[in-house]
Amino acid sequence: MTPTGTLDALLVEERVFRPAPATVIEANVKPADLAEAYRLAEADHLAYWEKAALELEWHRKWDAVLDDGKAPFYRWFPGARTNIVHNALDRHVHIWTKNKLALIWEGEAGDCRKFTYFELYREVNRLAGALRALGVSRGDRVCLYMPPIPETVVAMLAAAKIGAVHVFVFAGYSAKFLRERLNDSKARVLVTADGFYRGGRCINLKAVVDEALPGVRGETAETVVVVRRTGDDIDMQEPRDLYYHDLLRQESPEAATEIMEAGDPLFWLHTSGTTGRPKAVVHNHGGYMVGASHTFRTVFDIKPTDIHFCTADPGWITGHTYGVYGPLLTGATVILYEGHPLYPQADRLPTIIERYGATIFYATPTLVRMLMRYGPQYPKKRDLSTLRLLGSVGEPLGPEAWMWFYKHIGRSNCPVLDTWWQTETGMAMISPMPISVLKPGSVGKALPGIAADVVDDKGQAVPPGQGGFLVVKKPWPAMLTTLEGDDAGYARDYWERIPGCYFAGDVARRDEDGYFWIQGRADDVLNIAGHRVGTAEVEAALCAHRLVTEAAVVGLPDKIKGEVAKAFVVAAPEWRAAFADADAFASELRAHVRRELGPIVVIKAVELRDTLPRTRSGKILRRKLRAEELGQALEGGTGEEE
Ligand code: 6R9
C-alpha cells in the first residue's frame, strides 16, 4: 500500500491509500472482476446472486432465485434444498481440505487445541447423534449459552446438521436474559459449559444457568448438556444435567445431515432495538449461506493458505458469520481465542497472530483503541509479518484509530477493510475490498449486489456529502427473514419506515466517489464497545428496581468504548432511608443493571433527578438530556417529538 497525499493532512478525509501491485495481482477479485461484478449486479441483480449461489452445493436447485410475491417477506432460492453444514463441513471430507486445519483454539492460559475438517466433522456428528438421541429434531430450537471454546462451534454445527435452530445467548448475558431466551425459544436442550477463563479469572457459567432454570416453563431446558472446560466443582442435577463428554462417548462419528429447504431457519440471534425487549432475528440455511460464503471469499479474499483470526465471540453475528460459517464454507482455517484481549498484557492478540501466523485479523474499533492506549511497543515486540489483511466491524473506526491500526498492526502493508453490516443483514454490505482505494474512516462502497443508499425521510436520495438514513433498496440473500413471532414488527421496523427500503437505523453520508461514512445510530440504540444496547432495555431494567420511579438512558462519547451509557433516574423518596448517600445508591443501581442484563451493559454514571424532561405527548426527551450533558444547544427546540 502506498499512501497518496500527506499523512499529516489536516483534512483527514483527503488521505487515500492505494493497493500495492502484489495485492491486486493476487486478489480473488481483481479490478476487472469487480467492474464486471458491479456491471452484472446492476444489469441483473438476481443473476449476480444466482452466480454466487452456484459456488455452493445444493441437493436441489431453486425454482426461482427470488420470490418477492409477499414482500417484504422475501424468499431467496425457493424450492432449493441444502443444509449449510453440508457445505461447511460434510463437503470437505471428500476433498483435499479434509485434513486441513479448520479450527485453532487458544485458551486464555495459552493452552491450544486444533481440529482438522475431518476431526471437526466427526465431533459434530457425535453431538448431532447425541442431540437426536435426546429427541431434538428438525425445527426444534437448541439454546447455546457458551463461552468461546471449540465445543461452541461444534454445538452450532451439530444443531444445524440435524435441522434444529440454534439460539445463542452470549455468555456475558445475565441469568434473567438467559431465562427469557429459553422461554421464548422453548428449547428443550440447552448446551453450556462449567465455565471459562477471562481476565485471569475463572467464570462459573453453570452457576448462572442454575440461577436461570428455576423460572423456565414446561419442558424447556429439560436437558442441559455441560461441556467440562474448567473442571471446577459445579452442581450437576440428575437427570437434567449431562456432561457433554459422557454423552458423546457412545456416539458414532457418522450422522446423517438433514436436508433443509433453503428458507428453513438456521438460527435466531437476539439484538437490541428501540423497545424494552431484544428482538429475535431469524436467518435461514440457503440465503444466509450464500451471503456468508460469497462475501468471505470476495471481501476477505480468502485463499487456501489463509489463517483468519476473528476476535468476535461466536455468540455475536460477527462470530456466527465470519468466525464460524464464512470460514468453514470457504475451507479456511480460523482462530478462536477464549480470553480477555489484554490478558496478561497488551501484546496478547499480537502474540496469537505471531504464534499461528495469522494472515487476516478481524477486530473491532474498541479493540484497536484499547491497543492504541497501551502503545505501539506491544505489537512491535511481535512478528506480525504474516498479516496481509486487517478488518474492522461493529462501530465507527474513525481516521485516527484507522491510521494506528494500519501503521502499527498492519505495518503500513495491509489494507484495512472496515466492514459495515448488522445482525439483520447477516453479511457484510458496505466494505472496501483488498484492491480498493481506501479512505481512513470510511467503510467504502456498497458491495456488488447491495443497493445501499443514503436518503431523507421520504426515501429521496440526498446529495453527496449530506447526512441521511442508510437504507438498502433491494433484498439480498443473507437478509433476516423475519423477527421470530413478530412478522408485523419486522415489516414495520425495517420496511415501512421508508417506503420500499430496508431501514438500517444508521445515519450516514456518501461522498462524491460513492464512499460511505457511518455517523452512528438514528434511533435509541447505543453502541457500547461495538455491542448494541437499547436505551429502552436499560431503562426497563432500572425501572425494575423497587426504588426507581422513572429512568432515562443516554449515550455519551467515550475515547475507548466509542460510547458509554449514563442514566438519569427519578427515585422513590425511600431511597434516602436505604442508602447513606447518592453515590451508594448509584452503585447499587449500576450493580442492579449488571444483574439484570449481564456484565456487558455498564452504566458509567447515574444522576438523580426530580423530574425528566418530556415532550408534550409525554415521551422522555433523551436528546435534551444528552445535549445538556454535552453542553450543546438542542437543535429544533425542545417541544419536538422524539
Ligand atoms: C456486525 C455488527 C450493527 C450496528 C450498525 C452500526 C454499527 C457495524 C460498523 C458500524 C460503523 C462499521 N456498525 N459495523 N458502524 N462502522 N464498520 O456489528 O452487527 O451488532 O447488529 O450492530 O453496528 O450502527 O447498525 P450488530
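Heavy-atom basis, side chains included; hydrogens, waters and symmetry copies ignored. Whatever order the structure lists them in is the order used to number ligands and atoms, beginning at 1.
With ligand atoms numbered from 1 in the order given, ligand 1 contributes 16 (N), 17 (N) to contacts under 4.0 Å with heavy atoms of V443. Contact atoms of ligand 1 toward D418: 12 (C), 17 (N) (distance under 4.0 Å to a heavy atom of the residue). Annotation for ligand 1: atoms under 4.0 Å from non-hydrogen atoms of N527 are 7 (C), 23 (O). Every atom of ligand 1 with a heavy atom of I518 under 4.0 Å away is listed here by number and element: 11 (C), 15 (N).
Taking a 4.0 Å cut-off on heavy atoms, P396 registers as neighbouring ligand 1.
Geometrically, ligand 1 and E424 share no nitrogen or oxygen pair separated by less than 3.5 Å. The N/O atoms of T318, backbone and side chain alike, include none that comes under 3.5 Å of an N/O atom in ligand 1.
When the heavy atoms of T423, L526, T321 are ranked by distance to atom 19 (O) of ligand 1, first place goes to T423. Looking at G426, A428, G394, G398, it is G394 that brings a heavy atom closest to atom 18 (O) of ligand 1. Of the options H531, M427, Q519, E395, the smallest heavy-atom separation from atom 16 (N) of ligand 1 is shown by E395. Among T419, I430, D506, the residue whose heavy atom sits closest to atom 24 (O) of ligand 1 is D506.
S174 and E596 form no side-chain donor-acceptor contact under 3.5 Å, judged by distance and modelled atom types alone. Looking at T481 and Y74, their side chains never bring a donor and an acceptor atom within 3.5 Å of each other. Checking Y490 against E496 by side-chain atom types alone, no donor-acceptor pair falls below 3.5 Å. For the 3.5 Å distance criterion, the side chains of S293 and Y325 fail to qualify, holding no donor opposite an acceptor.
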>> Run the salt bridge (Lys or Arg N to Asp or Glu O under 4.0 Å) test on D523 and R521 for me, step by step, so that the C-alpha distance in whole Å, both residues' side-chain angles and the decisive distance to 0.1 Å come before the verdict.
In response: CA-CA 5 Å; D523 51 15; R521 296 286 304 187; 2.7 Å; yes
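Nearest non-hydrogen protein atom to atom 22 (O) of ligand 1 is R532 CD, 3.1 Å. Closest to atom 8 (C) of ligand 1, if we only count protein heavy atoms, is W421 O, 3.3 Å.
A distance of 12.0 Å separates NZ of K624 from CD of E629, quoted to the nearest 0.5 Å.
No donor-acceptor pair closer than 3.5 Å links the side chain of T535 to the backbone N or O of V554.
Checked against the 6.0 Å centroid criterion, the rings of W268 and H166 do not qualify as a close aromatic pair.
Remark: R181 is positioned above the aromatic ring of F177, its terminal NZ or CZ atom under 6.0 angstrom from the ring centre and at most 45 degrees off the axis.
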